[in-house]
Amino acid sequence: MSEQKLPSRTEDFSEWYNQLVLRAELADYAPVRGCMIVRPYGWSLWENIQGALDRRFKATGHVNAAFPLFIPKSFLEREKAHVEGFAPELAVVTIGGGETLEEPLIVRPTSETIIGHAYAKWIKSYRDLPVLINLWNSVVRWELRTKLFLRTLEFYWQEGHCAHATHEESLEETMRMLEIYRDFAENDAAVPVIAGRKSQSEKFAGALNSYSIEAMMGDRKALQAGTSHDLGDHFARAFDIRYLDRNNEQQFCWTNSWGLSTRFIGAIIMVHGDEQGLVLPPKLAPHQIVIVPIYKNDGERSEVMPVVEKVRATLGDAGFRLKVDDRDMTPGAKYYDWEMRGVPLRIEIGPKDVAKGTVALARRDKPGKEGKSFVSQESLTGAVAETLQDIHASLFDRALAHREANTHDPKNYDEFKQVVENGFAFSWWCGRAECEAEIKEETKATNRCVPLNQPGGEGQCIHCGQTTKEKAIFGKAY
RNA sequence: CGGGGUGUAGCGCAGUUGGUAGCGCACCGCGUUUGGGACGCGGGGGUCGGCGGUUCGAGUCCGCCCACCCCGACCA
């Protein structure tokens, strides 16, 4: 139970985040540096994220499977850019059963290579395509600087791996999954995102092109919240994933991969959280509603609890995820506790409500009296459904307004430097890696993506002045 | 991997010139309480981050190591 106030979100965002994660009981530090324990409340949130994504994956023809944790070192080495990108952050097993291994095993940082090995065996004919497989697992990347959910040595995610007959189909799949991420982020998590293409220096190691959804956090920094990679024929060539086409000719496959991780929980925290703690989007919250019974003595208790039970049954039958908090604490303490944990809606039922046939409804996104209303027990189910929808909409609107208010179109590079100190710059960019690198060097801001939605026309690169047709989002990022 | 900081009960901290460890919160029990963080009484809990050294005696002094957090370079 949390007793003290959180550090100020506006004055010390980082410390606010750290303590919020611990006090909301989402996660805890593990005994190994950089590793995290996901606590039941955090995992429950992840399960709801999994459910929301998995439904979408299944609806688009994907199936789940499991691949090994260990990958032969030689596999990684088969794709040059891939191994170069991941080498610095690999965990390597050299001893097994007390014996030094003949070939060291990599603890998977991602599964493209071992997938490539399997797909090469499984795919013989154009009739075998496409292969649409998703994995729910964890991967290990030996990061130097870690933060709960945002960057840990081991993290949980899903990785989809698809093989297609043509590049067009593979690219179409890449974009379909990016759109699924966007749809999930905005419609389930109420996190507005910018879908775009990563620059060549920011793309996945081994990809032809990477695409991402980028979100703005409460401190105006960017977070890559999901990625989808067009792997071209790179991994197909490295692992010899080939098929016989209709003309009986050998062709290389075209593959793609896409992932979204527990980092997304960090996004939810940093986009919606407030001074009181976590604020969860209703569609993903482990408990959408918490019911707090109020009574002064056993007499009142015996009046209140049957009504609490009736409301619980009614709302439970209507499909809401809810919890009755019957702990032996004062109601006020419970309010603070559930506010810390971000429960979207609180229902208070006391003797006055029993007498009047009402309940008190308090919404998490609007603090104090502003968010509190009294609703008759008869019309509660409808009111709850409506309010939860409204909370989702207002969370999304608030986050979008925040991003728009902090996204600028600077007139020149001096202005650009100012802007990226405290938000996003949406600027013309020549597309050259040198320009991007210099901007990063000079401002600490990175190229987040080239949004798919472009204004059209042309302009001058914000850094070098070269004429270009594309605008990119720049900002400081996690 | 560089710079900074912190390690004493679950958390936050105190601990004097070295003398054998305490406070608040949390936790457990009983009672009174309960519409925005209740109160009283009683109780449990510590190899003082680790190893070594100085000393009759180390939480305290010295050395080495470790862990975690923050800031930079790399990343979902």
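A note on names: the letters A, B, ... follow the listed sequences, proteins ahead of strands, and every chain is numbered from 1.
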Next item on the list: Hey, can you tell me if His62(A) and Trp258(A) have their rings parallel, tilted or perpendicular (30° and 60° cut-offs)?
Entry: perpendicular
Notebook entry, point to check: Is there a donor N/O on one and an acceptor N/O on the other, under 3.5 Å, for the side chain of Asp337(A) and the base of G37(B)?
Noted result: no
Margin query: Under a 3.5 Å cut-off for both contacts, is G12(B) paired Watson-Crick or G-U wobble with anything, and if yes, with which nucleotide?
Written below: C23(B)
Note to self: For the P atoms, the ones on C65(B) and on U17(B), what distance do you get once it is rounded to whole angstrom?
What the structure shows: 29 Å
Checklist line | Opposite nucleotide pairing with A58(B), Watson-Crick or G-U, both atom distances under 3.5 Å | finding: none
Margin query: Would you call the rings of Trp157(A) and Phe155(A) parallel, tilted or perpendicular, taking 30° and 60° as the class edges?
Written below: perpendicular
Margin query: Quick check on C74(B): is either OP1 or OP2 less than 4.0 Å from any side-chain nitrogen or oxygen of Lys440(A)?
Written below: yes
Next item on the list: Determine the contact category for Ala225(A): base if any of its heavy atoms lies under 4.0 Å from a base atom, sugar-phosphate if only primed atoms, P, OP1 or OP2 are that close, otherwise nothing.
Entry: nothing
Notebook entry, point to check: Within this structure, what is the CG-to-P distance between Asn297(A) and U32(B), rounded to whole angstrom?
Noted result: 11 Å
Notebook entry, point to check: 5'-most contact on RNA chain B: Lys296(A) or Thr262(A), nearest heavy atom basis?
Noted result: Lys296(A)
Notebook entry, point to check: Could Lys440(A) and Glu436(A) be called an ion pair, given the rule that one side-chain N must be under 4.0 Å from one carboxylate O?
Noted result: no
Note to self: Categorize Asn18(A) for me: base, sugar-phosphate, or nothing, with a 4.0 angstrom heavy-atom threshold over every strand shown.
What the structure shows: sugar-phosphate
Note to self: At 4.0 Å (heavy atoms only), tell me whether Arg301(A) reaches a base, stays on the sugar-phosphate, or touches nothing.
What the structure shows: nothing
Next item on the list: Can you tell me the distance, in whole Å, between the CG atom of Asp298(A) and the P atom of U33(B)?
Entry: 10 Å
Item checked: Whole-Å distance separating the CD atom of Gln19(A) from the C1' atom of C11(B) -> 10 Å
Checklist line | Options G35(B), G36(B), U34(B), nucleotide nearest the side-chain atoms of Glu348(A) | finding: G35(B)
Margin query: From C-beta outward on Thr330(A), which listed nucleotide comes closest to its side chain: U34(B), C70(B), G36(B)?
Written below: U34(B)
Item checked: Pairwise P distance, G15(B) and U60(B) [rounded to whole Å] -> 14 Å
Note to self: Please name the nucleotide paired to C75(B) by Watson-Crick or G-U wobble geometry with both distances under 3.5 Å, or report none.
What the structure shows: none
Notebook entry, point to check: When all nucleic acid strands are considered with a 4.0 Å heavy-atom cut-off, which category describes Phe264(A): base, sugar-phosphate, or nothing?
Noted result: nothing
Next item on the list: Using both distances under 3.5 Å as the test, list the Watson-Crick or G-U wobble partner of G44(B), or none.
Entry: none
Next item on the list: Sticking with atom P, work out how far U55(B) lies from C62(B), rounded to a whole angstrom.
Entry: 16 Å
Notebook entry, point to check: Using the C1' atom in both, what is the distance from G7(B) to G59(B), to the nearest Å?
Noted result: 12 Å
Next item on the list: Mind calculating the distance between CG (Asp28(A)) and P (C11(B)) to the nearest angstrom?
Entry: 9 Å
Check: Would you say a side-chain N or O of Lys147(A) is under 4.0 Å from OP1 or OP2 of C70(B)?
Finding: yes
Notebook entry, point to check: How is Ser138(A) classified with respect to the nucleic acid when contacts are heavy atoms under 4.0 Å: base, sugar-phosphate, or nothing?
Noted result: nothing
Next item on the list: Determine the interplanar angle of the Phe204(A) and His229(A) rings, folded into 0 to 90°, and report it as parallel if under 30°, tilted if 30 to 60°, perpendicular if over 60°.
Entry: parallel
Check: Glu11(A) CD to C70(B) P: how many Å, rounded?
Finding: 18 Å
Check: For atom P, what is the distance between G46(B) and U8(B), given to the nearest Å?
Finding: 15 Å
Notebook entry, point to check: On a whole-Å scale, what distance lies between the C1' atoms belonging to C25(B) and U20(B)?
Noted result: 27 Å
Next item on the list: Write down the distance separating the P atoms in A58(B) and G50(B), rounded off to the nearest Å.
Entry: 14 Å
Check: With both distances under 3.5 Å as the test, what is the Watson-Crick or G-U wobble partner of C64(B)?
Finding: G50(B)
Checklist line | Listed nucleotide nearest any side-chain atom of Glu89(A), set G35(B), C74(B), C71(B) | finding: C74(B)
Note to self: Starting the side chain at C-beta, find the nucleotide from C75(B), C69(B), C71(B) nearest to Arg141(A).
What the structure shows: C75(B)
Note to self: Could you check whether Arg141(A) makes a cation-pi contact with Phe86(A), meaning its NZ or CZ is under 6.0 Å from the centre of the six-membered ring and within 45° of the ring axis?
What the structure shows: no
Notebook entry, point to check: Do the charged groups of Arg9(A) and Glu275(A) touch, with an N to O distance under 4.0 Å?
Noted result: no
Check: If you measure from the P atom in G42(B) to the same atom in C23(B), how many Å do you get, rounded?
Finding: 13 Å
Notebook entry, point to check: Hey, does Gly259(A) reach any base, or is it just sugar-phosphate, or nothing, if we go heavy atoms under 4.0 Å?
Noted result: nothing
Next item on the list: Nearest whole angstrom, please: distance from the C1' of A73(B) to the CD of Glu202(A).
Entry: 14 Å
Next item on the list: Establish, yes or no, whether the cationic atom of Arg346(A) lies under 6.0 Å from the six-membered ring centre of Tyr335(A) and within 45° of the ring axis.
Entry: yes
Next item on the list: For G72(B), take OP1 and OP2 only and decide whether either is under 4.0 Å from a side-chain N or O of Lys444(A).
Entry: no
Check: Charged N to carboxylate O below 4.0 Å: is that the case for Lys372(A) and Glu348(A)?
Finding: yes
Check: Just by distance, with hydrogens left out, do Asn256(A) and Tyr211(A) show a side-chain donor and acceptor under 3.5 Å apart?
Finding: no
Check: Is there aromatic stacking of Tyr335(A) against G36(B), centre distance under 5.5 Å, plane angle under 30°?
Finding: no
Next item on the list: With the side chain of Glu339(A) defined as its heavy atoms from C-beta on, choose the nearest nucleotide among G36(B), G35(B), A73(B).
Entry: G36(B)
Next item on the list: Using whole Å, report how far CG of Leu150(A) lies from P of C70(B).
Entry: 10 Å
Checklist line | Selected nucleotide, minimal atom distance to Glu143(A) side chain, candidates C74(B), A38(B), G35(B) | finding: C74(B)
Margin query: Tell me which nucleotide, if any, is Watson-Crick or G-U wobble paired with U17(B) when both distances must be under 3.5 Å.
Written below: none
Next item on the list: Under a 3.5 Å limit for both distances, which nucleotide forms a Watson-Crick or G-U wobble pair with G31(B), could you say?
Entry: C39(B)
Next item on the list: Would you mind reading off the distance between Ile294(A) atom CD1 and U34(B) atom P, rounded to a whole angstrom?
Entry: 12 Å
Next item on the list: Give the nucleotide from the list G35(B), G36(B), U33(B) with an atom nearest to the side chain of Tyr336(A).
Entry: G36(B)
